[in-house]
Amino acid sequence: MEFKTSDGRREIDAHRDGSSFIHEGVIVHTGQELWMEIDGRKHKVTATKIGDVWWVHVLGHTLQYEVIEAGAVSSDDDSGLLAPMPGKILDVLVEVGQTVSAGEALMIMEAMKMEHKIVAGNDGVVETIHYKTGDQVAQGAELLSLSD
Amino acid sequence: MEFKTSDGRREIDAHRDGSSFIHEGVIVHTGQELWMEIDGRKHKVTATKIGDVWWVHVLGHTLQYEVIEAGAVSSDDDSGLLAPMPGKILDVLVEVGQTVSAGEALMIMEAMKMEHKIVAGNDGVVETIHYKTGDQVAQGAELLSLSD
Amino acid sequence: MLKRTLVANRGEIACRILRACREAGIEGVAIHAANDSGTLFTELADIAIQLTGEGLAETYLNQNQILEIAIENGCDSIHPGFGFLSERADFAQAVMDAGLIWVGPSPEAITKMGDKMTARITMKKAGVPVIPGEEVDGGIEEVLAVAPSVGYPLLLKATAGGGGKGMRAVHKEEDLESEAKAAMREALNAFGDDRVYVERLLTGSRHIEIQVLADKYGRTIHLGERECSVQRRHQKVFEESPSVALDAELREAMGEAACAAARAVDYEGAGTVEFLVTPTGDFFFLEMNTRIQVEHPVTEMVTGVDLVREQLRIAGGERMSCGDLNMRGHAIEVRLYAEDPANNFLPAIGQLKRFVAPTGPGVRLDTGVREGDAVTPDYDPMLAKLIVWAPSRNEALQRMGRALDEFVVLGCTTNIRFLRELCDNPDVVDGWTTTDMIERLWPDGWSPEMSGLIADAGLLIATACESTNHGKVRISTGGDMSIASPFSMINRRFP
Amino acid sequence: MLKRTLVANRGEIACRILRACREAGIEGVAIHAANDSGTLFTELADIAIQLTGEGLAETYLNQNQILEIAIENGCDSIHPGFGFLSERADFAQAVMDAGLIWVGPSPEAITKMGDKMTARITMKKAGVPVIPGEEVDGGIEEVLAVAPSVGYPLLLKATAGGGGKGMRAVHKEEDLESEAKAAMREALNAFGDDRVYVERLLTGSRHIEIQVLADKYGRTIHLGERECSVQRRHQKVFEESPSVALDAELREAMGEAACAAARAVDYEGAGTVEFLVTPTGDFFFLEMNTRIQVEHPVTEMVTGVDLVREQLRIAGGERMSCGDLNMRGHAIEVRLYAEDPANNFLPAIGQLKRFVAPTGPGVRLDTGVREGDAVTPDYDPMLAKLIVWAPSRNEALQRMGRALDEFVVLGCTTNIRFLRELCDNPDVVDGWTTTDMIERLWPDGWSPEMSGLIADAGLLIATACESTNHGKVRISTGGDMSIASPFSMINRRFP
């Protein structure tokens, strides 16, 4: 079973024994309540699935694991710049065809009462701009795309 | 729609308007959250169904309403004495055929670390005794029955 | 300092102690019966060990099993909480014999305070006032002789008996002889023994207790009082500090008496000395509880002392960390019971399908349960304690009322509404809280004050809910907001 | 006394004020935008009125609409909370012109403190120390003349400018002339104006503020300090009282200065005077916040004063109820933000599918949200404030750590882990909290300290949950305990 995490795609080879799952000395007991056992010590775990993502609270850490269905193609295309959150476009700082360098600001968005710069992750040429000043955008919407 | 309450069976003639229910100036708005409106003031309501019973929290009061299906016969027969909670029979104080008067102790149960007397609600004759000392009983189980 | 403490208890007090351990950097070991598996207190422990066996005797009262677990798991100490084994001198001794630290007073102190007669004698010696009374075995003449020193009204009780047989209240001296003869006759008939005990009858008294702390370095202090007069079925439901019945002078006198009581048995740790206080301001020793008390939070809120943490400190051989008594404002605790107050406070069970506790300023919740938990008949019906603090008693009552209005528990009948009405009750507001208050106010049992409007509204709500199948998908889907992958943003740069 | 108060705010501060109204017997009226319908604060109000319009300007900042609602609903007063209209003198004036009571200081006081230059002049007159500095318009000679009285290190700033242009730090007198010439040149080029402002440069300073209260009867008191140095993106995240940097003497001096500041503008109600305190113990007026502050709970916990209730009292023409300053123990507040601290604290959104707050001794939660609520980008990302009190600073840090470990929020990224690590951070433990602390400790951004074990464990948990479809029916059925009709017992008698 493969998951997408902040470290990239990851998979673990777990041994299943009934309702328990084991990997290198760590045991996870499923059921009405979730418990994890390490060195004979049990720790309460809280987990819930939202969309395709498992949110896990364990030992004071909150972690996220996105389920990747076998054979599915990731929609996360590196050449697109996605809106990090819903908000409004305050300013578009570049034009189609313009050459930009990594770190250069491309757009300014407003969300949560704050301004956020959308910055080029790499050098490239602006290929498409999908929104104009004043537009509302949804989270994850592709704002513009760069060619390498 | 008829409900069983601590006051007996009750029914209300509610007017429905979409997701709102109205009765004598009181409006209940259903949806993701429940709200009640009286004299233009909205109050949050919490309700949840457990088995056949709606538990309702409104204005600091917690109320219970048991749904009665149309045509169904009530299982609550006044001549039976039911266990008020799960527990153990500590003592049976009467015998079949014995004449008892209202208020007389018939059995002693233990539950929640406390002893509880099961007392005759009316004068009568003991018809059947369903449990003996030491038996575990479930909540609502008929312990014994009296004839009038 | 303690390193690893086994908490030999369950429910909210186990949670309280395990949290104190966590804060103090001590590893907390929980023990639990099979039917307590997965409950809140096991979750708050560093290590949770399941007890074998069923029923209290085989589990939470099983001294041998608990000691074995403590030793096997490398514990250096055992905290008994309250109830269960907390006042068992033999267990305290066994713990110490096994080389572990007992978080509590010595077995000797427990024994001396545990036996009412020994305690009475010890207290008299220490100069602590006890309820005036004399055992009489020399017949009617001796009764007449001791009565003046006991004082009126007085109570004649059969020394050998109980259950009201041979008991007579005497309000005036002229009635004494005839009543005493009747009592002795009754006692002889009922128990074959005509000895009687003559005790002052204390009517309209208040139950007021003093919290004490004593460390191994000879320091014994009191932390003011708690008034716990509001009781139902002899169990406290509403506790507060300070008491309206005490002024600074009486507090100091009772505090001194409580410290003297503790010193008389070389007390160590946290303890409570209970007194009856008469309407005229006389106070009499009732008993000493040689453990932490259910209602300890009100003292914590008013004095700013963390009593459980001080217990751990004292047991670990440290000095107590608190300074001089500094009481501030007013605290009230109410006990949330799974019970039906409208039905003679009969215990109730069920699943806590909703358990929404109040929050905000001045509100503390010490709970043993959370939403989704089952309330079973296996244990004490006390689910949680709700404590508020406010600058004044009046504000504390208002705050408690507000907090109880916010408290939603569905799935198990509780005494929330009863507690809520207490907050507005004129006797409570005036501070006229005596131990017989509930019987006095509701001689035929309590039932909620509820307008017809509320009853009708509830019916309308049930109708609306049933018609719309309300709440069937509450929380369970979460699909009503489209949430993009949280990772789509992680690889972007937003300086 | 106030009778019906409109709370012109939302979220946790609206909850805080509405609860205070409830406790004080004042009817609370909430106003809310359409997208705040059904949120916690509307639930805590006696009356909740929906605002028409969209966006802040048409709703929470819409003075006319809010005033109309207040009048239509028979309110006698308006409490603005913080942010939004709380420091708008024109709104305060409009409220008063409409015959309502403004819960806050006079419009004149707001105006005088709202303009930095006016405030500076007013404070200098009142003898409150301000950051030494002089405006210079007479060229280089005057700069050289005023510099000794300002003191070193000093900062030269273009009077007309901003954004770092014309700004020069001068650490030694011998560098002054050349640096001043450069600054004036830059200022002239950038703004066409070569005037500069000479100000003392305060490095490694702490942000410490004093809470004041003043009633209509001439009583002005201070309630000790709050240290709010730990900030990210210029927003506070971790606040405490008392400050390790203050002793009784400095506290009294700063408290006196704060009271003098309040008296200078005939202040009424609750206010906060912010100071910069240098490592050598000099303090300088920064600004006065003429409203209740986000971090007011730490003062409440340490002093035992209910600040919001005192606001309501003072506005209603009563005397404040609190006595002399009585600080006890230590309180810490952390702000729970919906944000990703590992990604430069960028705000986050989502649905709070689980929101399990810590409880127990010394823990207070002031929240604007509860489980199931959606966090949207429409408003400030602060969800709740978690406040702890303990007898000492060390114990308060331990308690906050324990509480944060218990805090579970799933469905929206929060800064819980960041706050948790702060509690153990050596600089925080040592009290070395300066305004630049976060940049100093994590110059390249913060990321969680997480063992590989935890990362692997999380993956194992996700695998186990996905394989077993965990939690799909959590709470939603409740059918796993068979519960008999609760009415079967009501008609029985159990004496």
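Lettering of chains follows the sequences in order, A, B, ..., and the numbering in each one begins at 1.
- For a residue to count as touching a neighbouring chain, one of its non-hydrogen atoms must lie under 4.5 Å from one of that chain's; by this rule A/Ile38 touches chain D with the side chain only.
- For a residue to count as touching a neighbouring chain, one of its non-hydrogen atoms must lie under 4.5 Å from one of that chain's; by this rule A/Leu63 touches chain D with the side chain only.
- A/Val56 touches chain D through backbone and side chain together, each having a heavy atom under 4.5 Å away.
- Results of the side-chain contact (heavy atoms from CB on, under 4.5 Å) test with D/Leu383 over D/Thr367, D/Asn415, D/Val369 single out D/Val369 as the only residue that passes.
- The CZ atom of D/Arg420 lies 11.0 Å from the CZ atom of D/Arg402; values are rounded to the nearest 0.5 Å.
- Heavy-atom distances place both the backbone and the side chain of D/Ser467 under 4.5 Å from chain A.
- Contacts of D/Val356 with chain A are absent, with no heavy-atom separation under 4.5 Å from either backbone or side chain.
- Each of D/Phe238, D/Tyr337, D/Phe345 was scored for a ring pair (Phe, Tyr, Trp, His ring centres under 6.0 Å) with D/Phe418, with one residue passing: D/Phe345.
- Shown here is D/Glu439, whose CD atom has more than 12 heavy atoms of other residues, nucleotides or ligands within 6.0 Å.
- Of the inter-residue distances, the one linking D/Lys385 atom NZ with D/Leu365 atom CG reads 10.0 Å to the nearest 0.5 angstrom.
- With a 4.5 Å cut-off on non-hydrogen atoms, A/Thr30 touches chain D through its side chain but not through its backbone.
- Contacts between D/Ala342 and chain A at a heavy-atom distance below 4.5 Å are absent for every atom of the residue.
- Checked against side-chain contact (heavy atoms from CB on, under 4.5 Å), A/Thr62 has the following partners two or more places apart in sequence or in another chain: A/Trp55, A/His57, D/Leu410.
- The most heavy-atom pairs under 4.5 Å with chain A, out of D/Ile461, D/Asp456, D/Asp405, D/Leu404, come from D/Ile461.
- D/Ile416 does not touch chain A: none of its heavy atoms, backbone or side chain, sits under 4.5 Å away.
- Here the straight-line distance linking atom CE of A/Met1 with atom CD1 of A/Ile12 works out to 11.5 Å at 0.5 Å rounding.
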